[in-house]
Protein chains: 4
Amino acid sequence: MGKNPTKRMAILNSAEHIFAERGFHEATISEIAAGANVSDATIYEYFPSKEALLFAIPAEYSLKFQMGNRHILKYIKGQKNKLRAIIYRLLELYEDNPEYANVTAMILKTSRKFTETAEYEVIRESARMMREIIEEGIANGEFRPNLNPVIVRSMMVGTIDNLVVRKAILGKPENLMEQAESIIDVLFNGVLQPPAEEGINIHLTLDQPKKDES
Amino acid sequence: MGKNPTKRMAILNSAEHIFAERGFHEATISEIAAGANVSDATIYEYFPSKEALLFAIPAEYSLKFQMGNRHILKYIKGQKNKLRAIIYRLLELYEDNPEYANVTAMILKTSRKFTETAEYEVIRESARMMREIIEEGIANGEFRPNLNPVIVRSMMVGTIDNLVVRKAILGKPENLMEQAESIIDVLFNGVLQPPAEEGINIHLTLDQPKKDES
Amino acid sequence: MGKNPTKRMAILNSAEHIFAERGFHEATISEIAAGANVSDATIYEYFPSKEALLFAIPAEYSLKFQMGNRHILKYIKGQKNKLRAIIYRLLELYEDNPEYANVTAMILKTSRKFTETAEYEVIRESARMMREIIEEGIANGEFRPNLNPVIVRSMMVGTIDNLVVRKAILGKPENLMEQAESIIDVLFNGVLQPPAEEGINIHLTLDQPKKDES
Amino acid sequence: MGKNPTKRMAILNSAEHIFAERGFHEATISEIAAGANVSDATIYEYFPSKEALLFAIPAEYSLKFQMGNRHILKYIKGQKNKLRAIIYRLLELYEDNPEYANVTAMILKTSRKFTETAEYEVIRESARMMREIIEEGIANGEFRPNLNPVIVRSMMVGTIDNLVVRKAILGKPENLMEQAESIIDVLFNGVLQPPAEEGINIHLTLDQPKKDES
DNA sequence: GATGAATGAGACTTCATTCAT
DNA sequence: TATGAATGAAGTCTCATTCAT
């Protein structure tokens, strides 16, 4: 059983690269092996199957992401600010690791099997965390009541995934982080122009005799 | 080249079903052929390749969807209401055709090649139309200025796709249409609680005798 | 699904040839395919796996053999003669089909899996038939009582298999049929020299006066 | 080259066990190594190849068997009794070492290559010895003339091998030694009921006066 | 137009074996 | 001596696709 962590990483990186570029089925073990400068057989010393190799890719990213979240969110006050932080972190993760972004958004997120995987657990926890932040925001009055927290999360995640896929396929937006404020703006404030500032109604009543009270 | 439109539809329907259930690569021509009660070879009388068969699936749906949009939007006043209508129509389309929904959200949307296809054109037009509606809403003051129309559209589309995939993989939400108002609510109004109507209370007391203390 | 019986036979014959020559694992599908003038893939149109192909080899032989037995034995009187006929038929089968003989004696007979196969049923029936003939021979007094029928059958079958394997490996005996009488002789009469023919004791007493009766 | 005889035996025993249970090709070096509590590579310190490991298994058994034969047969008078002793010893060997029995009967005996091996020499000698005993039995009148010694030996060996294989595959006969007398009985006496002692009765009556009627 | 039959191409995976440590 | 790690070599099987009928 292969134990060399450097080689393991080389394989994982190569796999990430090839899978991102060509998709799971189009990618071949030979390509991945070549990219990692190992033989085909060596890959099977480190991963039991091509699919297991795919599913192993997110482990480190998602763990680091989620641990970073736990660490950082402690220092952030307000659910609004926490949500903003998460959006930034997610965009940053995908911007810094575009190949991982593609693997995640284009392969793993549409894989039924991945959901049943141990590796998926961390991702599930991330999702849970987002939902709780939203729920707490509703509870403490930062967010509007009657929001559906799952839908709100789907908007966050779905929007970002959509941008990742668009970037992978169409090449734009080139820069993910630059979209952060736009996303946050819509998510927080919505698209509608609020009704014109209604101003203060002041009713002055002066005690002068009125002729008619009609 | 096969010309029997009934048989063509049978193949297309079977393909939609199988692709939705098992994914593109896991699906086999034999399965699809069996589902359509034709032979493998017959499929090649109607479609030049497995991939072409996949890409042919959305044609009718997207055309009907887009023509419906054009027709209906004429009668709807206000960009806000148009956007609302599109969200409803999209959710309805996916709810009524869950297999098409899966094929679209899980296979086609992540396919680079599909983008280069003639069949993609209609979808591109749909996207353009959405963007224009948003732009017009900004222009006419219904929507807030400084919105990024592409981001707004990504939010709409990404949210809905995310829900479709979640439904396919996790089984929930069971009902897509029921999510419409939640989505629209967040998209239009955002998640933030608007600052409490601060309206300044001014108490004017005039020290002049009053006739009535009613 | 391949249906051409000629091609099926060609594959079967080639498989028999290659398996007999090189053994199951050493034989490759490619070799077998080449021997049958078909492509590798075609083999899988006719047989679901390499193993299934192996197990399909005896079907025809064993069926023909067993049906021949049923037919012929009706006309043979005496269990002794029936046993003799079976031994001849078995040796003839293996002599006429030396490759089948090898496949049977060297591969199938030592395969646990083959025993669980439908194809094995006919062979099981042959074995049952032999046992019954022996049992009847014991019952009707042709054979010695207290014989163990299963052991007797094992001697018949084991001896012949042993010769088949010797021939395959050492090249001798070159001719199987020629061993028939030797086998039958030992099986029927055993190896022991019967105690010297005791002959008839005739005591002649002549009434002549004897001098001495010592 | 490994020199630790304990470890060598551990490997040999594990190999015997695994080969017997799963066959030569189905067994893997890794399994065998695990069974011997050594690494895969260590096996190659003691045996040059998987095949050589297989062929090394019978060495000790066959040597001990054959030396035992030489020793014991000296004290046995009569070829008939010698044959009987060999049958007993063979059955005992296989009964006491069922895994070796399987390896021998199911793998080695059908291996062309094994015949060309140095390890095979002892086995060849055993066979020669059996043949000689039979030949001498024929010569000295214990056995019937006109017997084919090779066939007789094939009957002995073939029968026993057949039982070993049956036991391995079908589980019966459970006990090999118990079959000894049945085998010997048929081998020595054959299956046929000898013709009823026909002895011709001749009654001679001489019409001459007898002195005594005792 | 429909298809039964055939196959080229290739991928994943396994495993005996080697070798530096 | 022992082995962890690496790999060359190969084989089975699948499947989209073709084509003669």
Side-chain angles (χ1 to χ4, degrees), chain A residues 1-4 7-8 11 24-33 36-53, chain B residues 1-4 7-8 11 24-33 36-53, chain C residues 1-4 6-8 11 25-33 36-53, chain D residues 1-4 7-8 11 24-33 36-53:
Chain A
M1 268 301 160
K3 279 275 167 176
N4 182 334
K7 198 161 284 190
R8 199 188 124 94
I11 294 170
F24 179 68
H25 281 97
E26 286 74 13
T28 71
I29 289 289
S30 291
E31 279 176 295
I32 294 170
N37 268 107
V38 296
S39 73
D40 291 25
T42 296
I43 289 189
Y44 288 87
E45 290 291 315
Y46 288 85
F47 302 93
S49 70
K50 187 186 179 188
E51 204 176 44
L53 172 56
Chain B
M1 265 300 167
K3 281 290 175 125
N4 181 334
K7 198 161 283 190
R8 200 188 123 94
I11 293 170
F24 179 68
H25 280 98
E26 288 74 14
T28 67
I29 290 288
S30 290
E31 278 177 294
I32 294 169
N37 271 108
V38 297
S39 73
D40 291 25
T42 297
I43 288 188
Y44 288 85
E45 292 294 320
Y46 289 84
F47 302 94
S49 72
K50 188 187 179 186
E51 204 174 45
L53 172 55
Chain C
M1 269 298 162
K3 279 277 167 176
N4 182 335
T6 311
K7 196 161 284 190
R8 198 188 125 94
I11 293 169
H25 281 97
E26 286 74 13
T28 70
I29 290 289
S30 291
E31 280 177 294
I32 295 170
N37 268 107
V38 296
S39 72
D40 291 24
T42 297
I43 289 189
Y44 288 87
E45 289 292 313
Y46 288 85
F47 302 93
S49 70
K50 188 186 178 187
E51 202 175 46
L53 172 55
Chain D
M1 265 302 166
K3 281 288 174 126
N4 180 335
K7 198 162 281 191
R8 200 189 124 93
I11 293 170
F24 179 69
H25 280 97
E26 286 74 15
T28 67
I29 290 288
S30 290
E31 278 178 294
I32 294 169
N37 271 106
V38 297
S39 73
D40 292 24
T42 297
I43 289 188
Y44 288 86
E45 293 294 319
Y46 289 85
F47 301 93
S49 72
K50 186 187 180 187
E51 205 173 43
L53 172 56

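Values reported hereafter were calculated over all heavy atoms of this structure, with side chains retained and with hydrogens, waters and symmetry mates removed. Here is how names work: the chains are called A, B, and so on, in the same order as the sequence lines, proteins then strands, and each is numbered from 1.
Considering all non-hydrogen atoms of both residues, Ile29(A) and Ile43(A) come closest at O-CD1, 3.8 Å. Heavy-atom minimum distance, Glu26(A) versus Glu31(A): O-OE1, 3.7 Å.
Protein atom NZ of Lys3(C) is 12 Å distant from nucleotide atom P of dA6(E), rounded to whole Å. With rounding to whole Å, Ile43(C) atom CD1 is found 13 Å from dT14(F) atom P. Distance Phe47(D) CZ to dA2(F) P: 13 Å, rounded to the nearest Å. Arg8(C) places its CZ atom 17 Å from the C1' atom of dA6(E), with the value rounded to the nearest Å.
Nearest nucleotide to the Thr42(B) side chain, out of dG4(F), dT3(E), dA6(E): dT3(E).
Annotation: salt bridge (Lys or Arg N to Asp or Glu O under 4.0 Å) contacts of Glu51(D) (sequence neighbours excluded): Lys113(D). Contacts of Ser49(C) classified as side chain to side chain donor-acceptor pair (under 3.5 Å), with partners at least two apart in sequence or in another chain: none. For Phe47(C), the ring pair (Phe, Tyr, Trp, His ring centres under 6.0 Å) test picks out no residue, with sequence neighbours left out. Judged as a ring pair (Phe, Tyr, Trp, His ring centres under 6.0 Å), and not counting sequence neighbours, the contacts of Phe24(D) are Phe19(D).
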Which letters describe nucleotides 15-21 of chain F, given B = protein heavy atom under 4.0 Å from base, S = only from sugar-phosphate, - = neither? BSBBB--
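Considering only side-chain N and O atoms, Tyr46(C) lies under 4.0 angstrom from the phosphate OP1 or OP2 of dA6(E). Proximity of Lys7(A) to the phosphate of dA6(F): a side-chain N or O atom is located under 4.0 Å from OP1 or OP2.
For Tyr46(A) (side chain) and Asn4(A) (main-chain N/O), a donor-acceptor pair under 3.5 Å exists by modelled atom type.
Taking NZ of Lys3(C) as the start and CZ of Arg8(C) as the end, the distance is 9.5 Å to the nearest 0.5 Å.
For DNA chain E, runs of at least 3 consecutive pairs of the Watson-Crick or G-U wobble type, with both hydrogen-bonding distances under 3.5 angstrom, map to E:2-21 with F:2-21.
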